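See below for the structure under consideration.
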Amino acid sequence: MKKVLVLSASPRRDGNSWTLAQAAVAGAREAGHEVEFAHLNDYVQGLFRDCRTCRDATGACSVGDRYDELLLEKVVPADGLVVATPLYWYGMSGALKTFYDRLFCHTSGSAPDGDAVVAGLTGKKVALLISCEESYRGATLGLTAQFQELARYLHQDLVGVAVGVGNSRGEVRSDPSLPLDQAADLGRRLFDIRVTDYRIDTERSNRVWAGRTS
Ligand SMILES: Cc1cc2nc3c(=O)[nH]c(=O)nc-3n(C[C@H](O)[C@H](O)[C@H](O)COP(=O)(O)O)c2cc1C
């Protein structure tokens with residue numbers, strides 16, 4: 001059994017990102033994992049600042065919201081992370097960007113708990129769920145590429161991306177591409193999805209699915 005954290009990064013608590021996130025929760029539970037769900041906005045209120053001016057006497061971050069609780073008690077212990085975000089201006093929500101910005105406070109050379117946090121961030125399986133109004137494929141490419149780079153930098157595996165098109169609350173349920181099914185599948189197979197990143201000289205067999213006959 002693995003630990004999975006599903007994060008919804010929209011300020012709309014019952015919106016499309018939440019709807020996709022709940023499908024991923026159901027899929028991961030179906031696979032027998034220990035699943036926790038969290039609204040990012042309950043934990044992240046303050047923007048990233050200049051660490052020199054906001055660290056307290058012990059060197060700890062003093063922004064004063066629940067970011068540390070989220071990072072240290074939920075994100076770090078999780079084996080897998082499913083992030084659901086609305087598309088805002090062709091990128092992630094501001095709260096989610098702040099979540100990543102503020103990782104710096106815990107991973108920079110001057111962070112008191114840096115080594116432990118870095119060790120806890122690496123090796124995770126990550127899935128991205130995007131809700132957006134525009135069905136144009138290019139609208140989500142920037143965010144997808146950013147997540148791929150985040151995963152590379154953090155030594156994580158981005159196992160998949162599901163995009164749900166909708167605008168009013170829960171409208172992703174009506175998207176004919178069935179993004180809820182995709183989100184559930186990502187949750188269910190988070191640790192089983194094959195992620196490869198070959199180089200020209202990578203040694204490999206000529207079969208991707210060894211052991212399967214068709
Ligand atoms: C500030 C803001 C910016 C947005 N920018 C985009 C955008 O660039 N492209 C898009 O397709 N939809 C955009 N939308 C629409 C949302 O992505 C869409 O309504 C989404 O389903 C909302 O998800 P939620 O219910 O989880 O908040 C934007 C909405 C807001 C409020």
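This one's a predicted model, so the numbers in the text were calculated from it and none came from an experiment. Both ligands and their constituent atoms are indexed starting at 1 by order of listing. When reading the values below, keep in mind they use all heavy atoms of this one structure, side chains included, and skip hydrogens, waters and symmetry mates.
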Spacing of Leu81 atom CG and Leu5 atom CG [to the nearest 0.5 Å]: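 The distance works out to 5.5 Å.
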Can a salt bridge be assigned to the pair [X] and [Y] using a cut-off of 4.0 Å between side-chain N and carboxylate O?
X      : Y      : result
Asp42  : Arg13  : yes
Arg199 : Asp197 : yes
Asp79  : Lys3   : no

To the nearest 0.1 Å, how far is [atom] from its closest protein heavy atom, and which atom is that?
atom                    : result
atom 31 (C) of ligand 1 : Tyr88 CE2, 3.7 Å
atom 9 (N) of ligand 1  : Glu134 OE2, 2.9 Å
atom 19 (O) of ligand 1 : Asn167 OD1, 2.6 Å
atom 5 (N) of ligand 1  : Trp89 N, 3.0 Å
atom 27 (O) of ligand 1 : Ser10 OG, 2.6 Å
atom 12 (N) of ligand 1 : Glu133 N, 3.3 Å
atom 16 (C) of ligand 1 : Leu87 O, 3.7 Å

Contact partition for Arg12 relative to ligand 1, non-hydrogen atoms under 4.0 Å: side chain
Part of Ser131 within contact of ligand 1 (heavy atoms, under 4.0 Å):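 Answer for Ser131: both.
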Backbone N/O of Glu69 and side chain of Tyr43: donor-acceptor pair under 3.5 Å: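 Checking the backbone N and O of Glu69 against the side chain of Tyr43, no donor-acceptor pair under 3.5 Å is found.
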Atom indices of ligand 1 within 4.0 angstrom of Pro86 heavy atoms, with elements: 22 (C), 23 (O), 27 (O)
Centroid separation Phe48 to Tyr100 less than 6.0 Å: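 Aromatic pair excluded; centres sit 6.0 Å or further apart.
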Heavy-atom pair with the smallest gap, counting every atom of Gly187 and His33: O-CD2, 4.4 Å
Close approach of Gly166 to ligand 1, heavy atoms, under 4.0 angstrom: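 It does, in that a heavy atom of Gly166 comes within the 4.0 Å cut-off of ligand 1.
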Short N or O distance, Trp18 and ligand 1, threshold 3.5 Å exclusive: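 No, no N or O pair falls under 3.5 Å.
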Residue of the set Leu121, Val76, Val117 for which side-chain contact (heavy atoms from CB on, under 4.5 Å) holds with His106: Val117
